[in-house]
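A, B, ... follow the sequence lines: proteins, then strands. Residue 1 opens every chain.
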Amino acid sequence: MLKEKKISIVIFPGSNCDRDLFVALEKCLGTKPEFIWHNCSHIKSTDMILIPGGFSFGDYLRAGIIATKSPAIREVIRFSKKGVPIIGICNGFQILIECGLLEGALIKNSNQLFKCEKVNLKVINNKTIFTKNYKLSEIISLPIAHSQGNYFIKPDKLKKIEDNDQIIFKYSSDFGDVTEKYNPNGSVNNIAGISNKKKNVIGLMPHPERAIENFHNGIDGIKFFKNLKDLI
Amino acid sequence: MKKEITKKILKDHNINSEEYNMILAIMGREPNLLELGIFSVMWSEHCSYKSTKKWLKTLPTTGKKVVCGPGENAGIIDIDDNDAIVFKMESHNHPSFIEPYQGAATGVGGIMRDVFTMGARPIANLNSLRFGDPKHEKTKNLLRGVVKGIGDYGNCVGIPTVGGECFFHENYNNNILVNAMSVGLVKKNKIFYSTAKGIGNPIIYVGSKTGRDGIHGATMASAEFSDESENQRPQVQVGDPFIEKLLLESCLELMNEDVIVAIQDMGAAGLTSSSFEMASKGNCGVKLLLDKVPCRETEMTPYEMMLSETQERMLMIIKPEKKKITYDIFQKWGLDAVEIGKLTDSGKMELFYNNKLVGALPIKPLADLSPEYDRPSIKPKKRKNYLKKKSNSKINLEKVLKKILSGPNHSSKSWIFNQYDSSVMGDTIFSSEMADAAVIRIHKTNKAISVTSDCNPIYCKSDPRRGAEIAVAESWRNLISTGAEPVAITDNLNFGNPEKKEIMYEIKESISGIKKACIELDYPVVSGNVSLYNETNGKSIFPTPVIGGVGLIKKLKYATGFKMDDDSYIYLIGKTKGHLESSLFYEHLKIFGGSPPKVDFKEEKKNGNFVKFLAQKTELLIGCHDISEGGIALALAELCIANKKGIEITLKKNNPEKFLFGEDQSRYLLIINKKKEFESLAKKNNIENERIGFVTGAFLNFKNLFSISVDALLKLNSSWFKGFIK
Amino acid sequence: MIFRVYVNFKDGILDPEAEAIKQTIANMGLKSVKNLVKGKFFDIEVGDKKNHLSEIEKISKDLLANPIIENFKIVKK
Amino acid sequence: MIFRVYVNFKDGILDPEAEAIKQTIANMGLKSVKNLVKGKFFDIEVGDKKNHLSEIEKISKDLLANPIIENFKIVKK
Ligand SMILES: Nc1ncnc2c1ncn2[C@@H]1O[C@H](COP(=O)(O)OP(=O)(O)O)[C@@H](O)[C@H]1O
Ligand SMILES: [Mg+2]
């Protein structure tokens, strides 16, 4: 029998989507993830790490920055170098950006307001380990809930990540138009999710874990997590 | 000897001479300043309910589902399977007017602490807001700040904000209302109370360090505003939602251990009221070593420590042998916990500072003998109401509906609720504008709760008793519409200065109205809050008794929202007489006053039970919407907007304005597709019903009268906030 | 002409963000920091012609600072 | 000894908050404001004994400023 693979969820003081993520993984993959507290300085082994949404350390200073000073982040970086898949959702995305695993910055939404609503995403890269079961340009719909999700990257760097297919999701209309009208927060080129160069680290602002029940506003999160099945 | 307590000091503490004589009698001597300060906050309107206690006692507070009624931090109801729901609503009106962002944020923080103090994890927040005229210079910033404050706080803690109300009227220009409600889930056998027990048990302080925040917040909330008070601004309290989240998680973790004897958050009047209330409930004495109180600022005096309203602090009595695990858990969450005293058998509160006894007050008498007033009241002169009836044929009904839909009070509130995280925790079934009440699944179960807040101040001004009855009935109806069993309410009574007879009349009448409705509907009051002195320069707010209702949806499949299927039928349930006095319709024609519609409770229950029966026992009900302000016309428009679908209505009535805009109570619109089955059931149950139309096309079409496209409805409904806020 | 407006919390007002930053610095192992106070600044560029001070004051009071909890100070750069 | 660290957005990065403030000022009818730049400052108090500059630099670079979008400047007060 294969040894059961281990999924880890790293939590920080102020994380608040950890339970939701746990529930989603349990429901979609049938495995129970383990929680890693932020001050854990040694993760013995893990096959995938997820960083949940919320307000780590109150989002003080800049969302995600203070969390990068926690010991567990050094471990996340160590595992990322080994090629272990890492996923950051919302605040998790912000943390991955602040700790340098992903490029760019997430600044305040262009209208200064927190925004909670359902958005459509267009799959821009379906060749990553996280997205290979999507069709190219498939439209999925997921909720967002954030005030600092405005993705910024300098034009030269943008070109680089584009050329290297690191843009994974963009905000779009139901029909896949990627235009300003469907940009909820001011992100450069409607970018909603990106990966690192090696494509084993991914971050996205929307919340797949909030779209997994029939009573949710859509269930496209299920597919997002089921995509991970092959990884564990 | 020099008299320490001068007339001026008494005035500054809002203590009248009669009250001061009682203080002298209780103390047997002249109090010092610290002691007087403690009396003043404990006996403030805010903490002692001295003007309303007598009347609040008359409310029905028991029932087979009530686990804990008023008197604790929050009320508790039983929702079966060892699950219970803890909930309460509380006002932060005065602080929000002075500093809207922090005022509203700390209001949310405070009410959540009331809920998790009892061992419950908050699972939903609501807020009921009243602002002044949009044209008033302050309104925009107040709205912006309050909404952002509520959002930032709840979002950060990770509790979904799922519903509420927002109403604009010039009457609230200088006294906005910010009422926050929180709803939590607890295991029935794991509830924590605030009764102190066990002489010698340590008293533990945990949370933020004490600063000079909001000293005298409680007395401020107990006095009228004047232009002056805006200038001599008291220290504003600042909220720290991050610490709140840590407190929530650490307290719930500690509550899993067998450690806590009693626990209470430090809310209004901070350390004073929390320690007093715990001790007085347990008939204990308290010894506090104020040197131990963690302070944020230097040279804080005992007076300041006892009266500070620094947020995010808790006080608990623990078992003495459990200190280590207590400290360990709080340390894990990065919080300082400190022992600041012990329970004693002295019956007194003894305050030590620098090894000196700086204050000593008898606990029981101070609590029990707190003033209770039967303030005089008088029925206000009937306002000679309204203009002569206009000839109705000239009124353009389409224009009125469009005006209502695009005005501040009935525009889509999405600008507000999109700033609230409504989907965190993954259990939200319906939030704002998806149903008549918000519906939240009980995590990992097949049941849900339904929550709503309601009050129509226009009705309450015209007739406070009837207005209050309607507020309760409407909340009941809102719950019914979602497929719930209404269980109990919390109330937040917002009024002007009770020392004025007309205001006292409004208070008494409102409470009787609530009482009547609650008894009739078997819908008890389990918690509540009173906010008085909402007046500025002598001008009082409308009586605004906000009702927060909670119901149980026994199976998820009973949950009903605004859904409409194509070609399904629209049925109107209940008697339509066309009551237009005090209605939105008349308001738009500038016809004011008159009495609100009457609630016939027999009819109310009959119709409600029928809808409940449909939701629970049949598969007939596709969607449901109760009819309230704006009558059938507005309810239909809201259904079209929510579904982006059209409706065709055939009018048989001669007086279309009465049929469309009448605000008769106890009515619902039902979306049904099995005509025969439904009609026979309705007949069998003797329910007045009428098939008024069906779902079709892209227009809200009142045949032979007028028709508006759904696109136009959506646009009308969504433009006001955008234009206002920019 | 550029005016700089400094805005910071009044004494005694809790600044949770500053508290969190202080704590983080300590966690980073940097023990010598005794206190940290935080604020904002705004560089406002105006034309040279007339005296803009009263306008800048108005902007500071009504918009940039919340006078209930914050102080502001204007300096000409 | 107090060090003040100024942090602001690098040139060419659109600061949505500054844009909003500019817009509001224009709406207030104050037409003379040509530009507005916003930033933060941190007053960090350290002991007097040793030279703390390198520590303050580390704090600024690793915590207070995001080098991708922000500049910082340290001055001794
Ligand atoms: N302050 C608010 N916070 C959250 N939701 C709100 C707020 N104000 C209004 N809403 C939502 O907007 C919808 C319409 O509100 P309202 O017109 O008061 O409803 P009704 O009169 O049908 O009870 C409701 O779903 C309500 O929950
Ligand atoms: Mg309603």
Side-chain angles (χ1 to χ4, degrees), chain A residues 56-71 73-74 77 93-115 146-158 160-161 180 183-191 194 196 203, chain D residues 2-30 33-47 52-77:
Chain A
S56 56
F57 296 93
D59 268 6
Y60 290 133
L61 200 54
R62 297 188 303 279
I65 174 64
I66 298 184
T68 66
K69 310 302 170 207
S70 285
I73 283 297
R74 283 197 288 276
I77 293 172
F93 184 16
Q94 293 162 338
I95 293 170
L96 290 177
I97 288 235
E98 283 287 356
C99 76
L101 283 180
L102 294 173
E103 283 175 80
L106 287 161
I107 59 177
K108 265 198 190 157
N109 293 352
S110 50
N111 75 346
Q112 309 289 303
L113 300 177
F114 189 95
K115 192 164 225 173
H146 60 249
S147 63
Q148 296 181 47
N150 181 350
Y151 184 72
F152 172 82
I153 188 164
K154 284 206 200 117
D156 54 325
K157 289 265 173 67
L158 174 65
K160 265 198 192 147
I161 66 167
E180 195 46 42
N183 187 339
N185 52 25
S187 292
V188 169
N189 286 2
N190 287 37
I191 291 173
I194 59 167
N196 63 346
Chain D
I2 293 179
F3 288 93
R4 174 169 281 189
V5 181
Y6 291 98
V7 177
N8 64 341
F9 273 118
K10 288 185 175 164
D11 281 349
I13 293 182
L14 187 74
D15 176 358
E17 202 175 333
E19 290 305 309
I21 296 171
K22 257 191 288 190
Q23 189 55 51
T24 313
I25 293 176
N27 295 348
M28 285 163 75
L30 305 170
V33 171
K34 290 187 177 154
N35 197 20
L36 181 142
V37 174
K38 179 197 114 265
K40 300 182 266 195
F41 67 85
F42 302 88
D43 287 340
I44 305 177
E45 193 185 331
V46 285
H52 294 279
L53 199 60
S54 69
E55 244 176 61
I56 303 287
E57 247 164 29
K58 187 173 162 50
I59 292 172
S60 306
K61 196 162 58 67
D62 292 354
L63 183 67
L64 302 179
N66 178 352
I68 296 172
I69 48 172
E70 291 170 324
N71 293 318
F72 66 88
K73 199 175 95 186
I74 301 171
V75 293
K76 207 166 134 181
K77 269 187 84 176

What heavy-atom pair brings [X] and [Y] nearest, and what distance separates the two atoms?
X: A/Ile107; Y: D/Leu14; result: CD1-O, 3.9 Å
X: A/Leu61; Y: D/Leu63; result: CD2-O, 3.3 Å
X: D/Ala20; Y: A/Gln112; result: CB-CG, 4.2 Å

Which atoms of [X] approach chain A - backbone, side chain, both or neither, heavy atom under 4.5 Å:
X: D/Gln23; result: neither
X: D/Asp15; result: neither
X: D/Ile68; result: both

Exercise. How about A/Asp156: does its CG atom have over 12 heavy atoms from other parts shown lying under 6.0 Å from it?
Worked result: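 Correct, the count exceeds 12.
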
Problem set entry | Test item: A/Phe152 and D/Asn66 side chains (from C-beta on) under 4.5 Å apart, heavy atoms |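 Heavy-atom side-chain distance check fails, nothing below 4.5 Å.
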
Problem set entry | Engaged part of A/Glu98 at the chain D interface, taking heavy atoms whose separation is under 4.5 Å |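 Looking at A/Glu98, just its side chain touches chain D.
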
Exercise. A/Asn111 versus chain D, heavy atoms under 4.5 Å apart: side chain, backbone, both or neither?
Worked result: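 It is neither, since no heavy atom gets under 4.5 Å.
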
Exercise. How long is the gap from CD1 on A/Ile153 to CD1 on D/Ile13, to the nearest 0.5 Å?
Worked result: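 Nearest 0.5 Å value for the CD1-CD1 distance: 11.0 Å.
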
Exercise. Atom NZ in D/Lys10, atom NZ in A/Lys154: separation rounded to 0.5 Å?
Worked result: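 Result: 4.5 Å between the selected atoms.
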
